[in-house]
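Please see the structure below; I have some questions.
No hydrogens, no waters, no symmetry mates; every other heavy atom, side chains included, goes into these values.
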Amino acid sequence: LLDYLAEQMKPGSRRVLATARSEPHHQKQLGFDQDQEPWQRFGLYELPEFTTAGLEHILIGLAERTDVPVDSDDVGHMVKNSDRTLRTLLDNVNFARRNNQPQTVDNWLPTQGESWDMRYREARGLYPGVQAVYESIHLIREAGLVTRSPYVAYLSSQLTGTDTRSAVDGLFDMGLLGIRGGILDAFSDEQLVDSLQKTGGALPQMSGNWDRVIETITKVPEQPDGWLSDLVTLTERLNSVKQYEQSIAVAGIAVGQGADGADLYYNRGLARSETGDYSGAGKDFTAAIERNQDDAALYISRAGTRFFTADFAGVEADLTVAIERGDVPAMVFAGRGAARVFNADYDGAEADLATAVMLGQDDAEIYLVRGISRFYRADYDGAEKDLTTAVERGRDNVDVYLLRGDARFNSADFAGAEADYSAAIKRGWDEASVYFYRGRARFETADDAGAEEDYSAAIERGRDDVEVYLRRG
């Protein structure tokens with residue numbers, strides 16, 4: 001709609017979107033993307049409140065239309081003793097009509113809360129399952145889904161174990177529920193909370209109810225218009241609460257029923273990636289790309305899966321496309337730099353990693369990877385500096401000490417090399433190679449006894465070539 005309005009609007013023209021509800025979930029149900037550029041052109045304007053005279057005129061008119069007797073001398077007092085909303089006026093007149101009473105000061109309910117509470121209590125007495133209907137609307141809404149009538153009917157019946165359609169119809173007749181385009185909604189969220197509290201109830205939490213909502217959307221007998229779209233939305237919401245297995249299952253149902261949009265494959269790709277199915281995730285991201293979803297985030301996501309499947313050429317290709325899309329974070333350059341290290345493109349890696357540092361990435365990993373790249377470019381001093389920075393930023397495992405030991409050895413810092421090899425051994429590395437190279441470092445520092453001891457340790461751990469015997473000899 002916004003794109004259409006943007007196309008139709010001429011310079012100086014105006015368009016107005018009017019809504020009687022301002023709660024956030026109602027805005028969400030309109031389906032507008034708040035980040036869309038056309039949406040940013042709209043301002044928000046609150047209409048002025050009704051005057052006292054205007055409200056008195058409306059109350060008299062409502063009473064006349066519904067044949068509810070009202071004393072005109074009491075109208076001013078009732079309006080003054082009200083929250084000045086049209087809903088309160090209408091609720092009072094309807095309540096009087098249903099009970100065959102005149103509208104008087106004595107039976108006047110001055111706020112929406114009081115009139116809503118009165119009707120809610122009345123509905124609970126007339127229709128079993130009323131509370132379950134409202135709980136279902138709340139749960140479906142909290143799940144980020146549209147409160148379509150079949151969903152509310154199915155979920156509320158599951159909560160009560162009985163058919164709740166009569167409760168839904170009764171709430172609609174009493175004005176406690178609205179329906180438009182097959183979507184049910186409560187007129188007053190705040191009053192619902194208050195009334196449930198007064199009757200000893202409370203709105204349910206999503207924790208512990210996700211399975212019920214999933215069953216409702218996937219198994220509802222009467223699949224409404226928009227059902228496949230709701231399945232896609234559900235996969236996104238399940239990802240957001242880290243229920244990845246359920247998201248994958250819902251996506252499978254959607255695909256089986258003919259859904260074939262890029263968003264669906266993207267959502268399933270994210271879920272599969274989180275569960276370690278990198279091959280499946282990569283296929284889903286590819287499917288999304290083939291369906292013309294062509295933004296940088298998708299290529300970044302596929303690059304992540306390709307990294308875990310050791311397809312480093314694919315990682316580099318995807319991150320290159322993401323960079324070409326523009327405005328990507330430092331981690332994208334860092335990722336491409338790491339892929340280029342694996343692809344033995346050390347000059348390209350150096351450039352990417354320098355860009356990542358320039359853009360603000362300052363963690364141990366970036367310096368570790370650049371240290372590796374510089375080592376293989378024979379820049380041993382640069383490698384030693386980066387690996388030292390990685391250690392200072394918390395990298396404290398065997399790999400960093402082994403590589404820094406090699407860099408220091410190649411820079412003729414034999415004492416530093418010995419210290420690093422010793423650090424690797426202290427952290428559990430017990431391979432023949434580390435003893436062999438520490439033996440070489442000790443030999444260069446004139447520690448012949450220590451060197452002999454290390455060469456012997458290397459032989460004991462399987463090193464059995466001419467060089468180790470010559471050096472020990």
Side-chain angles (χ1 to χ4, degrees), residues 16-27 29-30 44-127 130-131 133-134 137-138 141 147 152 167-181 183-199 203:
V16 176
L17 301 177
T19 175
R21 305 297 299 274
S22 61
E23 296 95 325
H25 71 270
H26 287 291
Q27 296 177 11
Q29 288 187 344
L30 288 174
L44 180 63
Y45 300 94
E46 297 279 352
L47 294 176
E49 294 185 358
F50 288 98
T51 64
T52 298
L55 290 171
E56 292 174 359
H57 179 75
I58 291 171
L59 179 56
I60 292 172
L62 288 172
E64 289 177 350
R65 290 186 177 215
T66 54
D67 295 324
V68 172
V70 62
D71 189 334
S72 59
D73 292 336
D74 292 336
V75 168
H77 179 77
M78 286 186 280
V79 168
K80 289 180 180 179
N81 184 31
S82 76
D83 58 10
R84 304 180 65 83
T85 65
L86 294 180
R87 172 57 58 183
T88 292
L89 271 58
L90 180 61
D91 288 347
N92 273 279
V93 172
N94 279 336
F95 188 75
R97 176 182 58 81
R98 286 197 303 273
N99 289 279
N100 295 317
Q101 297 175 341
Q103 185 68 69
T104 68
V105 173
D106 293 333
N107 63 15
W108 177 257
L109 300 170
T111 68
Q112 286 189 53
E114 291 176 89
S115 61
W116 200 96
D117 185 56
M118 181 70 72
R119 286 180 296 134
Y120 177 73
R121 289 173 179 270
E122 181 182 357
R124 280 172 59 93
L126 293 173
Y127 310 108
V130 163
Q131 183 165 328
V133 170
Y134 278 115
I137 290 173
H138 172 74
R141 182 188 296 161
T147 51
V152 175
V168 172
D169 293 341
L171 290 168
F172 177 72
D173 290 342
M174 293 178 67
L176 290 169
L177 279 184
I179 185 168
R180 177 175 294 179
I183 299 173
L184 281 172
D185 209 356
F187 281 123
S188 178
D189 304 337
E190 297 81 5
Q191 280 78 10
L192 172 59
V193 174
D194 291 342
S195 296
L196 285 173
Q197 289 175 342
K198 290 177 182 177
T199 57
L203 290 176

Worksheet, complete the sentence: Those residues at least two apart in sequence (or on a different chain) that pass side-chain hydrogen bond (donor to acceptor under 3.5 Å, both in side chains) with N107 are Q101, Q103, T104

Response to the item:
Shortest non-hydrogen pair, W108 vs N81, comes out as NE1-O, 2.9 Å

Discussion item. Test of understanding: with side-chain hydrogen bond (donor to acceptor under 3.5 Å, both in side chains), list the residues that count as partners of R98, not counting sequence neighbours.
Written reply: none

Worksheet item: Where is the tightest heavy-atom contact between A96 and P102, given as atom of each residue plus distance?
Response: CB-O, 4.2 Å

Discussion item. I need the minimum non-hydrogen distance between L171 and A123, along with the two atoms involved.
Written reply: CD2-CB, 3.9 Å

Practice prompt. Could you tell me the separation between the CG atom of N94 and the CG atom of L89, rounded to the nearest 0.5 Å?
Written response: 11.0 Å

Discussion item. Are the side chains of L184 and V133 in contact, using a 4.5 Å heavy-atom criterion?
Written reply: no

Worksheet, complete the sentence: Value for CD1 (I183) from CD1 (I137), rounded to nearest 0.5 Å, stands at 11.5 Å

For residues 57-79, which side-chain donor-acceptor pairs fall under 3.5 Å, sequence neighbours excluded?
| residue | atom | partner | partner atom | Å |
| --- | --- | --- | --- | --- |
| T66 | OG1 | L62 | O | 2.8 |
| T66 | OG1 | A63 | O | 3.4 |
| D71 | OD1 | D73 | N | 2.9 |

Worksheet item: Any side-chain heavy atom of Y134 sitting closer than 4.5 Å to one from L177?
Response: yes

Item to complete: Drop me the distance from L55's CG to L86's CG, to the nearest 0.5 angstrom.
Response: 6.5 Å

Worksheet item: Partners of T51 by side-chain hydrogen bond (donor to acceptor under 3.5 Å, both in side chains), sequence neighbours excluded?
Response: none

Item to complete: Supply the atom-to-atom distance R124 CZ to L126 CG, rounded to the nearest 0.5 angstrom.
Response: 12.0 Å

Worksheet item: Looking at CD of Q131 and NE2 of H138, how far apart are the two atoms once the value is rounded to the nearest 0.5 Å?
Response: 12.0 Å

